[in-house]
2 protein chains.
Amino acid sequence: MTLVVDDDCEPDMSYRKPTIEDVAREAGVSRATASRAMNNMPGASGLTRARVAEVAATLGYRPNQAARALASGRRMVVDLVVVNYDPDLSWIGSHPYFSRVIAGMMSALDGSTVHLQIHVGLMAGAAELIDTVARQATVGAVLVNVPPDLAIRFQRRCPRVVSLNTPASSVPIVESENTAGAYTAVGHLHQIGCRRIAAIHGPSINACASSRRAGHLGLIGDAGVPDIAAGGGFLREGGYRAAAQLLAQHPEVDGLFVSSDLMAAGAVHAITATGRRIPDDIAVVGFDDSIAAVCANPPLSTMRLPVEEMAAAATKALLDGDLPSSWQKTFPVQLITRQSTDPTAAAYT
Amino acid sequence: MTLVVDDDCEPDMSYRKPTIEDVAREAGVSRATASRAMNNMPGASGLTRARVAEVAATLGYRPNQAARALASGRRMVVDLVVVNYDPDLSWIGSHPYFSRVIAGMMSALDGSTVHLQIHVGLMAGAAELIDTVARQATVGAVLVNVPPDLAIRFQRRCPRVVSLNTPASSVPIVESENTAGAYTAVGHLHQIGCRRIAAIHGPSINACASSRRAGHLGLIGDAGVPDIAAGGGFLREGGYRAAAQLLAQHPEVDGLFVSSDLMAAGAVHAITATGRRIPDDIAVVGFDDSIAAVCANPPLSTMRLPVEEMAAAATKALLDGDLPSSWQKTFPVQLITRQSTDPTAAAYT
DNA sequence: GATATGAGCGAGAGCGCTCTCTTAGCCAGC
DNA sequence: GCTGGCTAAGAGAGCGCTCTCGCTCATATC
């Protein structure tokens with residue numbers, strides 16, 4: 001294990017990053033008190049706390065995470081907890097949503113010394129996973145696809161937690177306007193002339209899936225078109241099967257709203273397998289604007305979800321600390337029009 | 001490829017993770033000597049080195065990265081250097097290759113306290129980026145899409161470097177059998193009856209692209225079929241344009257080998273836009289087995305590249321240290337048959 | 001044989017922080 | 001006033017490692 005670095009470099013020898021010692025001296029207190037003040041530990045007066053905070057700010061003090069980890073025996077990590085059905089890491093490469101989450105978290109962690117640690121658990125052993133991660137959490141955790149009861153369980157053990165798109169009472173959350181987005185998506189189909197609009201929803205236990213379902217129901221109610229729907233599992237296979245079944249039972253369908261691009265890619269396979277053309281016979285709108293949307297043939301109109309920004313916001317909130325349980329942030333989603341609803345769309349958007 | 005971490009933190013309080021002190025005592029040497037021995041620093045005899053290594057192994061010693069970072073003043077990070085045209089981090093979510101690289105590196109880093117740090121640079125400022133990263137490198141760097149001269153430049157400044165799929169004399173490398181893979185892919189087209197096989201190659205400066213080109217040329221030479229080829233940029237747009245041009249100039253083409261799935265997805269768009277059917281009129285084989293292959297319509301036959309495993313191997317080599325410049329590891333690629341060459345293929349593979 | 005050389009190794013001083021132990025200071029209660 | 005209790009704050013001992021310095025001893029040089 002080689003690790004020595006030739007110590008060329010460091011042209012500016014006069015500059016030294018401020019340490020807690022510097023802060024303490026400047027504030028006229030001891031190291032211990034400065035540490036207590038900055039870490040919100042009991043044993044420091046409000047006055048001292050304020051003075052230390054001020055000095056730390058003017059000095060631009062940033063605690064050395066290595067020293068902190070060594071002294072406390074705890075590493076500084078942000079945990080990403082994903083409850084999933086596939087314990088294999090290779091989903092990162094094949095599941096466009098998670099890779100975007102990771103990208104966003106990494107960009108938020110950029111420049112800090114905080115780690116990103118990923119935990120994937122099967123739904124079956126999820127409670128245990130939650131307990132383990134919550135117990136050893138340091139900076140905090142971002143929860144993806146974790147059911148509300150487990151999110152609350154996590155929060156009881158460790159309050160530094162943000163849920164991504166899965167609401168659970170009292171758990172801080174970053175969410176996207178799924179309902180409004182689905183309403184817009186289905187509205188788009190209606191606007192281009194579809195009157196027999198079918199939908200393929202995600203698993204109903206999934207919060208995004210039910211919000212999108214609500215948006216869909218909202219629009220078909222307002223527009224007065226029938227509710228034709230099937231469920232998939234947010235994966236390609238599910239989209240394929242649901243679309244095949246839908247087309248068999250409702251051959252008159254002229255528009256299809258699919259709750260995720262990955263499912264939509266599968267649905268496209270099923271649709272073209274029946275000889276129908278997209279968008280001439282059936283227009284299709286997906287959701288997410290993941291790579292699946294642009295690789296599908298034809299490219300899919302979809303609702304763009306700012307996943308990277310959302311994950312980065314969740315991570316930053318954790319990093320900043322002081323996260324009231326009412327904390328939340330909502331991101332808009334945006335319609336992207338491609339050839340699956342608009343034959344005149346440019347080949348590449 | 002497992003994901004979950006949790007190797008620290010056993011509830012057994014009597015158990016203490018072995019420290020360098022334990023190793024030193026057991027080996028009958030001082031801490032300093034143990035450190036020297038394990039870090040390949042000069043000043044320890046071969047005998048001592050071996051003894052320390054053995055004790056460390058039997059004790060299951062794992063250095064505490066926090067302590068190491070604190071003592072040495074360096075953080076332990078593995079750098080991923082990507083030279084690209086898009087400085088925006090969001091490519092991670094949309095470029096299937098890089099997300100798989102990251103997945104693989106993360107799995108190798110799993111359980112250690114080593115960071116993954118990503119550097120993306122434009123080709124224009126690449127030399128500067130290389131210098132910066134090499135100077136502050138700790139564990140080492142994995143280079144993706146870094147031209148040979150820059151890889152060598154990096155190595156001169158920091159020998160702890162592995163190139164992914166881009167050979168540069170004397171730089172350790174992890175590569176895949178691109179040439180053999182392309183040969184197999186084109187052979188597959190030939191075997192199913194294609195005789196007018198066109199190819200869309202990646203940018204010739206890219207090593208993977210030229211290896212795959214060599215494999216393509218090899219097979220068409222052996223099979224005695226004409227060389228019909230165009231170039232794309234490894235991106236969807238390039239694949240689209242190249243395919244459109246190819247079909248216009250060579251309408252007789254009945255098979256298409258595309259050097260990346262992303263380009264192939266674009267090519268599929270161009271092919272179906274002309275009214276041709278896949279695979280009946282033209283069979284298509286891609287390369288990579290990325291998500292683009294399965295989202296394309298029809299799903300693409302392709303050569304599976306074990307990107308995650310390759311990236312993990314590169315990272316592990318860095319972590320283990322002691323990387324002779326002749327170090328290299330080669331991974332095979334495997335033909336995956338889907339509907340773009342075989343109409344009888346199952347809808348999902 | 002005396003001296004220089006250098007390789008192998010140990011002692012020990014930190015790295016920047018956390019956390020326990022201890023002390024100083026203050027007020028309530030008898 | 002004295003004791004007890006309680007809070008604010010300081011002193012100091014590490015956390016596990018790296019790295020400099022200096023010592024020892026074998027080998028090379030004159």
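Not measured: the values here are computed from a predicted model. The sequence lines fix the lettering, A, B, ..., with proteins before strands; numbering per chain opens at 1.
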- Message: Let me check the geometry of the helix from dG1(C)-dC30(D) to dC30(C)-dG1(D). What is the bend angle between the axes at its two ends, five pairs each, to 10°?
- Response: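 Overall, the helix from dG1(C)-dC30(D) to dC30(C)-dG1(D) bends by 50° from one end axis to the other.
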- Looking at CG of N145(B) and CZ of F98(B), how far apart are the two atoms once the value is rounded to the nearest 0.5 Å?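 Output value for this atom pair is 5.5 Å.
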- Query: Could you state the interatomic distance from CZ (R68(A)) to CG (N64(A)), rounded to the nearest 0.5 Å?
  - Reply: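 So the gap between those two atoms works out to 9.5 Å.
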Test side chain to side chain donor-acceptor pair (under 3.5 Å) applied to [X] - qualifying residues, sequence neighbours left out:
{"X": "S325(A)", "value": "none"}
{"X": "R153(B)", "value": "D131(B)"}
{"X": "S176(B)", "value": "N165(B), N178(B)"}
{"X": "T330(A)", "value": "none"}

Below 3.5 Å, can you tabulate the donor-acceptor pairs from side chains in residues 309-319 of chain A to any protein atom, sequence neighbours excluded?
residue, atom, partner, partner atom, Å
T315(A), OG1, A311(A), O, 2.8

- Please, which pairs that meet salt bridge (charged side-chain N to carboxylate O under 4.0 Å, His left out) have at least one residue in residues 44-56 of chain B, sequence neighbours excluded?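 Not a single pair qualifies under salt bridge (charged side-chain N to carboxylate O under 4.0 Å, His left out).
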- Task: Quick one: which residue pairs count as a salt bridge (charged side-chain N to carboxylate O under 4.0 Å, His left out) with a foot in residues 19-42 of chain B, not counting sequence neighbours?
- Result: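 Listed once each, the pairs are R16(B)-D22(B), E21(B)-R31(B), D22(B)-R25(B).
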Mind listing the N/O atom pairs, protein and nucleotides 21-23 of chain D, below 3.5 Å?
none

- T58(A) side chain to V55(A) main-chain N or O, any donor-acceptor pair under 3.5 Å?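 The answer is yes, because a donor-acceptor pair under 3.5 Å joins these two groups.
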- Query: Hey, can you pull the residues of residues 23-31 of chain B with a non-hydrogen atom under 4.0 angstrom from DNA chain C?
  - Reply: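 When residues 23-31 of chain B is checked for heavy atoms under 4.0 Å from DNA chain C, the hits, listed by number, are G28(B), V29(B), S30(B), R31(B).
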- Positions of residues 38-52 of chain A (non-hydrogen atom under 4.0 Å from DNA chain C), listed by number: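 Residues of residues 38-52 of chain A that come under 4.0 Å of DNA chain C are, in numerical order, N39(A).
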- Message: Closest-nucleotide mapping onto DNA chain C: is T33(A) or L70(B) further toward the 5' terminus? I mean the 5' end.
- Response: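 Here L70(B) is the residue nearer the 5' end.
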- Using the side-chain contact (heavy atoms from CB on, under 4.5 Å) rule, pick out the option among V142(A), V144(A), V146(A) that qualifies with V81(A).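 Going through V142(A), V144(A), V146(A) one by one, the side-chain contact (heavy atoms from CB on, under 4.5 Å) with V81(A) is satisfied by V146(A) alone.
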- Message: For chain A and DNA chain C, what are the first and last nucleotides along the strand, 5' to 3', with at least one atom under 4.0 angstrom from a heavy atom of the protein chain?
- Response: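 That gives a stretch of dG16(C) to dT20(C).
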